[in-house]
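For the numbers below, each heavy atom of this structure counts, side chains included, while hydrogens, waters and symmetry mates do not.
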Amino acid sequence: MTVNQSQRRTREWPLLLLALALVLSVCLPLRQWLATEPFAGTNYEGLVERGERLLLGPEQIACYVFFTWACLILVGRYREVRRQRRAFQLGLLPTEEGARILPEDARPLMRKAEQINQQRGPFILANLIRLALGKYAITRSSPDVSETVKTQAQVDLGRLVATMATVQYLAWAIPAIGFLGTVRGLAMSLTMASADKVALPTSEFLKQATGHLNVAFDCTLVALALSVPLMFLIHQLQRDEEELIIDSQQFCLEHLVNRIYDPEPLPEEDEVPAAARSLHRKDRAMNLIGLELNSTRARALSGPAGIRPHSVPLDGRDADLPMTISLKGRNPEVGRAGLSLCRRMPHLVCDLFIPRLGTNHEWQAGRHTFDAAKALSVVFEHLRGVCSSANGLALCLPSYLTREQIDWLWKLASKAKLPLLGSVPAAIAQVLVAFKSTPWSGPALVVDADDHALTFSIVNVTANEDDWQPGQKPRSLSLLQTLALPLPRLGIRAWKARLIDAIADRCVRHSRWDLRDSADAEQMLFDQLDDVLEAARREQMVEVVVQSAHWCQNLILRPDEVRGFCAALLKGTADNLHQAFSVGEANGLQRILLSWSAARLPGLVDAAHEETEEEIPIIALPEDAGALGTHDLAIFFHRGEFPREHLEAIVRCPLHVPPQPKQKEKKRRRFLGL
């Protein structure tokens, strides 16, 4: 396997030979010269003898070798850092103001970086640019480029740390050799207590004993004196190398990631649906956003009116933005950063704040103090970048919100400068999507779920056509929400907590380990619960892996087991479903609609079939039904056909039917004779 190097390697073993040659060429001749006693009989005799014992002992010479070897390695690495910094002046990327990098520019710039690497030696910056441009040439995605730069910078920093192992060892070995000499000197001084040494005269005995103690302390003194400047040089070099990596990463962010120009391609004329071509040109030019917002997630669809909107990534490359805020770092983070802490460090997570709007509930973590309004403001600030280029935004809100909470939400959206046009309850937006697929007239029961509550809503649907017959498509309809029954104890978070407890009990029976005692293991299981719910909905088995620092457990869960785990919650849901169904049936219930999140709750679809008659269809809505229905209504908010406020009733909502295109008359050629 070939690995492209981003820096020149330091040749440590040749430097060891050089250090040995330098130290021995100085110390050995000096010891031989001092052995001839050139200063005998002078005033410097004692001083020179003391200096020889202090500086030229065997342990001291070994320390000199290690110190010289470490210094030679550090000098080589410092020269490499200086050489690496020259890459910033090599013109690897366009740095002119206003310059942009197109997808077709990626490979030429990548070849240029490769050529510079081959001609002038490997560069960390050139390698970063080469890998990032290679990723951009394949995926044409700016987030992928940014992630590649970040990952490769971490690799280069790790390589620099790993190659410092020899120097770190030498910095430890020098004091260790000094202590070895100390032990030798102390051991020699202790031998003075032997019988042959005690018979010596007192003056000679003291002279030899103090000489051995001098050896002990001299070795330690020299070793510590060498280790102090060596550690200073090591830390200075590490700082320079880390600054090199940070500057290289910053250079790539400023002159590569921020200069990528990849506009969204416009559809070809043949790809534009007839409904879009029949709209007014001004409507087709608008970019409208339908945003579904609840206690679990935010999901947005964007695009002009009349065209199937596309999903908008709200959390990196993910379409869904989890409605959680992490309070762990210096700045609060919205999205999956908080979701990854909700079971491991729940005290550092702010969640379920939408239903607490207007209350005094607070979340405190370190220097952060949040209430529901502040938390929602942080979410809106995160969404403002997505909505900045839109002509308008329509919101799909949970049906359990009160009028005061909706007014709070509108004030916060206006403060965040979101282009808010209007909002509707989630039940109305979901009914609109279902009606456009299969029209009907009469009330519909909508079952929706988020982390806060399971909500039953009844929406009256009236097709506003006197001669409308089933099977035909009316031109307009009226929607009125007459009931919204939230059940906070049956929210998605309660179902997930029940699954965690049930799976933990099964682990205890199998392996005698309780995963709830490990925060990391419980968080790992929580991250897999969405897959468990989806597999149960599809009647498939799913594997769950739970791991802690000391044990690992693999479980295979069957759909009937998952439903059995949630039997208590399912019974409470079925009882409330029966009551809501009775209210709707008394008014001539026509449809039961299950949102995507509600249909994933284990056993809920079967419970709905048991409560209903065969002639009442049960429809499971798609995942983006709320955002899709809100996007369809955004055009009418923008035109002024609906008031710009929260609507719990919509009167005569137009259903666009594209007119037949006019047949172009063929021009008849006329022959004008002379």
Side-chain angles (χ1 to χ4, degrees), residues 292 294-297 299 301 308 311 315 317-322 336 339 343 426 430 433-434 437-438 444-451 453-456 490-507 515 523-546 553-574 577 591-612 614 616-629:
E292 180 184 5
N294 56 36
S295 296
T296 303
R297 63 171 187 169
R299 188 180 182 90
L301 296 179
R308 171 72 183 184
S311 179
D315 190 9
R317 291 182 293 177
D318 296 316
D320 291 348
L321 174 68
R336 280 165 175 77
L339 195 64
R343 306 298 292 192
Q430 292 164 352
V433 173
S437 175
T438 306
L445 175 61
V446 182
V447 184
D448 194 11
D450 62 4
D451 282 350
L454 180 70
T455 307
F456 296 99
L490 297 176
I492 297 177
R493 191 63 64 88
W495 292 72
K496 290 185 175 181
R498 182 68 192 96
L499 286 175
I500 290 177
D501 292 338
I503 295 174
D505 292 340
R506 182 171 171 182
C507 286
L515 63 90
Q523 181 67 48
M524 177 184 291
L525 175 59
F526 181 83
D527 295 338
Q528 301 174 72
L529 290 183
D530 286 330
D531 297 334
V532 173
L533 295 176
E534 184 65 20
R537 184 183 70 85
R538 297 182 179 182
E539 293 294 328
Q540 298 175 351
M541 292 190 296
V542 62
E543 181 182 9
V544 175
V545 180
V546 184
Q553 182 72 51
N554 292 59
L555 301 175
I556 302 297
L557 302 179
R558 301 191 308 272
D560 58 331
E561 283 185 302
V562 177
R563 289 192 292 268
F565 292 158
C566 303
L569 293 174
L570 184 59
K571 184 180 182 301
T573 303
L577 178 63
R591 294 287 191 279
I592 294 181
L593 307 179
L594 301 179
S595 69
W596 176 79
S597 55
R600 300 173 72 207
L601 299 180
L604 183 57
V605 176
D606 295 337
H609 280 289
E610 292 177 0
E611 292 292 335
T612 61
E614 295 182 358
I616 299 180
I618 299 176
I619 302 174
L621 297 171
E623 183 177 4
D624 57 357
L628 182 60

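- Leu533 is listed as a side-chain neighbour of Leu499, based on a closest heavy-atom distance under 4.5 Å.
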Does the pair Leu555 and Arg506 meet the rule for a side-chain contact (heavy atoms from CB on, under 4.5 Å), with working shown?
CA-CA 9 Å; Leu555 301 175; Arg506 182 171 171 182; 4.1 Å; yes

Quick one: do Glu539 and Arg558 satisfy salt bridge (charged side-chain N to carboxylate O under 4.0 Å, His left out)? Show the steps, please.
CA-CA 8 Å; Glu539 293 294 328; Arg558 301 191 308 272; over 6 Å; no

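- Distance check: Thr438 OG1 to Ile619 CD1 gives 5.5 Å after rounding to the nearest 0.5 Å.
- A salt bridge links Lys496 with Asp530: at least one charged nitrogen is closer than 4.0 Å to a carboxylate oxygen.
- Val562 is listed as a side-chain neighbour of Val532, based on a closest heavy-atom distance under 4.5 Å.
- Remark: the backbone N or O of Met524 is paired with a side-chain donor or acceptor of Gln528 at under 3.5 angstrom.
- Counting only distance, with no hydrogens or angles, the side chain of Arg498 and the backbone of Phe565 share a donor-acceptor pair below 3.5 Å.
- To the nearest 0.5 Å, the span separating CG on Asp624 from CG on Leu621 amounts to 10.0 Å.
- For Glu610 (side chain) and Ala607 (main-chain N/O), no donor-acceptor pair under 3.5 Å exists by modelled atom type.
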Dump the intermediate steps for side-chain contact (heavy atoms from CB on, under 4.5 Å) on Glu543 and Asn554, then the final yes or no.
CA-CA 7 Å; Glu543 181 182 9; Asn554 292 59; 2.9 Å; yes

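- Although no hydrogens or angles enter the test, the distance criterion places no donor-acceptor pair under 3.5 Å between the side chain of Gln430 and the main chain of Ala625.
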Taking it one step at a time, do Val544 and Ile556 satisfy side-chain contact (heavy atoms from CB on, under 4.5 Å)?
CA-CA 6 Å; Val544 175; Ile556 302 297; over 6 Å; no

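- Taken from CG in Leu601 to CG in Leu490, the straight-line distance is 9.0 Å, to the nearest 0.5 Å.
- No donor-acceptor distance shorter than 3.5 angstrom exists from the side chain of Asp318 to the backbone of Asp320, with no hydrogens or angles considered.
- A donor-acceptor pair under 3.5 Å links the side-chain atoms of Asp450 to the main chain of Ser295, judged by distance alone.
- A donor-acceptor pair under 3.5 Å links the side-chain atoms of Ser597 to the main chain of Ala449, judged by distance alone.
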Pair Trp495-Leu570, side-chain contact (heavy atoms from CB on, under 4.5 Å): steps then yes or no:
CA-CA 9 Å; Trp495 292 72; Leu570 184 59; 4.3 Å; yes

Please step through side-chain hydrogen bond (donor to acceptor under 3.5 Å, both in side chains) for the pair Thr455 and Asp448, ending with a clear verdict.
CA-CA 5 Å; Thr455 307; Asp448 194 11; over 6 Å; no

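- Residues Met541 and Pro559 form a side-chain contact, since some pair of their non-hydrogen atoms from C-beta on lies under 4.5 Å apart.
- The nearest pair of heavy atoms linking Ile618 to Leu594 is CG2-CD1, 4.0 Å.
- How far CD1 of Ile503 is from CD of Gln553: 11.0 Å, rounded to the nearest 0.5 Å.
- Seen from the ring of Trp596, Arg600 counts as a face-on cation partner, given the 6.0 Å and 45° thresholds.
- Atom CZ of residue Arg343 and atom CG of residue Leu515 lie 10.0 Å apart, to the nearest 0.5 angstrom.
- Nearest heavy-atom pair, Ala536 versus Arg563, reported as atom, atom and distance to 0.1 Å: O-NH1, 4.4 Å.
- The only option from Arg299, Arg297, Arg336 that meets the salt bridge (charged side-chain N to carboxylate O under 4.0 Å, His left out) definition with Asp315 turns out to be Arg336.
- Taking the side chain as every heavy atom from C-beta outward, Asp451 and Asn294 never approach each other to under 4.5 Å.
- The closest side-chain heavy-atom distance from Ile592 to Pro617 is not below 4.5 Å.
- Distance check, rounded to the nearest 0.5 Å: SG of Cys566 to NZ of Lys571 gives 15.5 Å.
- Counting heavy atoms from C-beta on, the side chains of Leu604 and Thr573 come closer than 4.5 Å.
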